[in-house]
Amino acid sequence: MPELPEVEFVRRQLDPVMTHERIADVEVRRPDLRVRFPRQFRARLTGQTVEALTRRGKYLMADLSSSETLLMHLGMSGSFRIEGPGTRGSGLRTRRQHDVDRHDHVVFHMSSGATITFNDPRRFGLMDLLTTTALARHPVLSRLGPEPLSPQFDASALARACKGRKTPLKIALLDQRVVAGLGNIYASEALHVAVLSPRRRASTIATPTGQPRETAFRLTSAIKQVLTEAVDRLARTSYRSARFRVYDREGQPCLRENCPGTVRRRVQAGRSTFYCPVCQR
DNA sequence: ATTGAGACCTGTCGGC
DNA sequence: TGCCGACAGGTCTCAA
């Protein structure tokens, strides 16, 4: 479920229970997530204070007093449950106690008494513990593209990253080295806002020398708009209830003013893309 | 160097 | 009801 807006939402949920708080203990119930847990995971975390909880793309990073960093990724199905002092348990509890427990892989016991549980049925998530140098050299993190909501992400940056790429534009947007944090939903959404076809070559938004064309400006602001809206909506309405422009709306009318098109689904690189073949060019 | 296909793992949903 | 395939919001690896 998690793309940048959802990960940012999770970060904001965790921040008050983690930042400036001490980790009293950690239970690892199942260490075989996408990446096997590092050695001494529990020992290296226990007793540490979380100094800051930040996000980069879809990654969460807890800076520890030991100056190591706890790196976390939610994969496809990861979530955190916060319980204990100062919190009201999450609705998950009532639903499926059994499945919830079955996929609880890591439990952080904070010295405040709060408990933070990482649950991930598909186990595509990851947790890792990295020194400052290892973090800077991390093969994925060090190559992440700009944060889409930062000033560093502009039409020039996007055009440069897309220059010469023959991949369909939608696929380029999913490449975290182009821009960090877009996923399958918001890539489709942004392309619809920008009125650009997901099928056109990525290189077409740049000139041969990598200068941004008008389409690059449109796409950049569409990405910012779509992500900002989603972050704001989550902040107001605590999860779900999302209404997308095209995602999962196959066969339904295009919502663009005066567009007679019908939303279509097509598979690109093994993933569903939703778009309006009439207005998106 | 790019790019597509398959793999990873579990759950859910619709059709027969 | 039960079985089966298709599909799910992410990423990695491997072969062409």
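Every chain is numbered from 1 and lettered A, B, ... according to where its sequence line falls, protein lines coming before strand lines.
- A close approach under 4.0 Å does not occur between any side-chain nitrogen or oxygen of A/Lys58 and OP1 or OP2 of C/dG9.
- The phosphate of B/dT3 has neither OP1 nor OP2 within less than 4.0 Å of any side-chain N or O from A/Lys166.
- Note on A/Arg102: a side-chain N or O is less than 4.0 Å away from OP1 or OP2 of B/dG11.
- Relative to the side chain of A/Ser272, the nucleotides B/dG11, C/dT11, C/dC7 differ in distance, and C/dC7 lies closest.
- Looking at heavy atoms from C-beta onward, A/Leu60 lies in side-chain contact with A/Phe80 at the 4.5 angstrom threshold.
- Between A/Arg266 and A/Thr273, the side chains place no donor N or O within less than 3.5 Å of an acceptor N or O (distance only, hydrogens not considered).
- Between B/dA1 and C/dT11, the distance separating the two P atoms is 23 Å to the nearest Å.
- Salt-bridge annotation for A/Arg264 and A/Glu250: absent, with no side-chain N of the basic residue lying under 4.0 Å from a carboxylate O of the acidic one.
- Protein atom CD of A/Gln268 is 13 Å distant from nucleotide atom P of B/dT3, rounded to whole Å.
- A gap of 13 Å separates the P atoms of C/dA6 and B/dG6, to the nearest Å.
- Contact between the side-chain N/O atoms of A/Ser77 and the OP1/OP2 oxygens of C/dG10 is not found at any separation under 4.0 Å.
- Residue ring and nucleobase are stacked for A/Phe124 and B/dC8, with a centre distance beneath 5.5 angstrom and an angle between planes beneath 30°.
- Proximity of A/Arg34 to the phosphate of C/dG10: no side-chain N or O atom is located under 4.0 Å from OP1 or OP2.
- A/Tyr247 has its OH atom 8 Å from the P atom of C/dG10, to the nearest Å.
- Closest contact between the side chain of A/Pro121 and the listed nucleotides B/dG4, B/dG11, C/dG9 involves B/dG11.
- Distance from the side chain of A/Arg122 is smallest to C/dA8 among C/dA8, C/dG10, B/dG4.
- Here A/His103 does not reach the OP1 or OP2 of B/dC9: none of its side-chain N or O atoms lies under 4.0 Å away.
- Residue A/Phe274 is the one, among A/Tyr59 and A/Phe274, whose nearest nucleotide of DNA chain C lies closer to the 5' end (criterion: closest heavy atom).
- With distances taken from any side-chain atom of A/Arg30 to the nucleotides C/dG9, B/dG4, B/dT10, the minimum falls on B/dT10.
- Across all strands shown, B/dA5 forms a Watson-Crick or G-U wobble pair with C/dT13, both key distances being under 3.5 Å.
- If you check C/dG5 for Watson-Crick or wobble pairing at under 3.5 angstrom, you find it paired to B/dC13.
- Rounded to an integer number of Å, the gap from A/Asp248 CG to B/dG14 C1' is 14 Å.
- With C/dC12, C/dT11, C/dG9 as the candidates, the nucleotide lying closest to the side chain of A/His73 is C/dT11.
- The side chain of A/Arg271 contributes an N or O atom lying less than 4.0 Å from OP1 or OP2 of C/dG10.
- Atom CG in A/Asp128 sits about 15 Å away from atom P in C/dT11, given to the nearest Å.
- With P as the reference atom, C/dG5 and B/dA7 are 15 Å apart, rounded to whole Å.
- Residue contacts for A/Gly183: at a heavy-atom cut-off of 4.0 Å it reaches the sugar-phosphate backbone alone, with no base atom in range.
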Original post:
Hey, mind stepping through A/Arg200 and A/Thr215 against side-chain contact (heavy atoms from CB on, under 4.5 Å) and telling me if it holds?
Top reply: CA-CA 11 Å; A/Arg200 64 152 72 206; A/Thr215 47; 4.1 Å; yes
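- In this model, no side-chain donor or acceptor of A/Arg123 finds a partner on the base of B/dC9 within 3.5 Å.
- Each of A/Met61, A/Glu8, A/Met72 was evaluated against A/Arg55; a single residue qualifies, A/Glu8, per the side-chain contact (heavy atoms from CB on, under 4.5 Å) test.
- Rounded to a whole Å, the CG atom of A/Leu141 is 10 Å from the P atom of C/dC12.
- Going from the P atom of C/dC14 to that of B/dC9 covers 15 Å, rounded to whole Å.
- Counting only N and O atoms by type, the side chains of A/Gln48 and A/Ser65 include a donor and acceptor under 3.5 Å apart.
- Between C/dG10 and A/Gln176, no contact under 4.0 Å exists linking OP1 or OP2 to a side-chain N or O.
- A/Leu33 has its CG atom 14 Å from the C1' atom of C/dT11, to the nearest Å.
- The distance between atom CG of A/Leu174 and atom P of B/dT2, rounded to the nearest whole Å, is 17 Å.
- Using a cut-off of 4.0 Å between Lys/Arg side-chain N and Asp/Glu carboxylate O, A/Asp104 and A/Arg30 are scored as not salt-bridged.
- In this structure, CG of A/Asp175 is placed 15 Å from C1' of C/dT13, rounded to the nearest angstrom.
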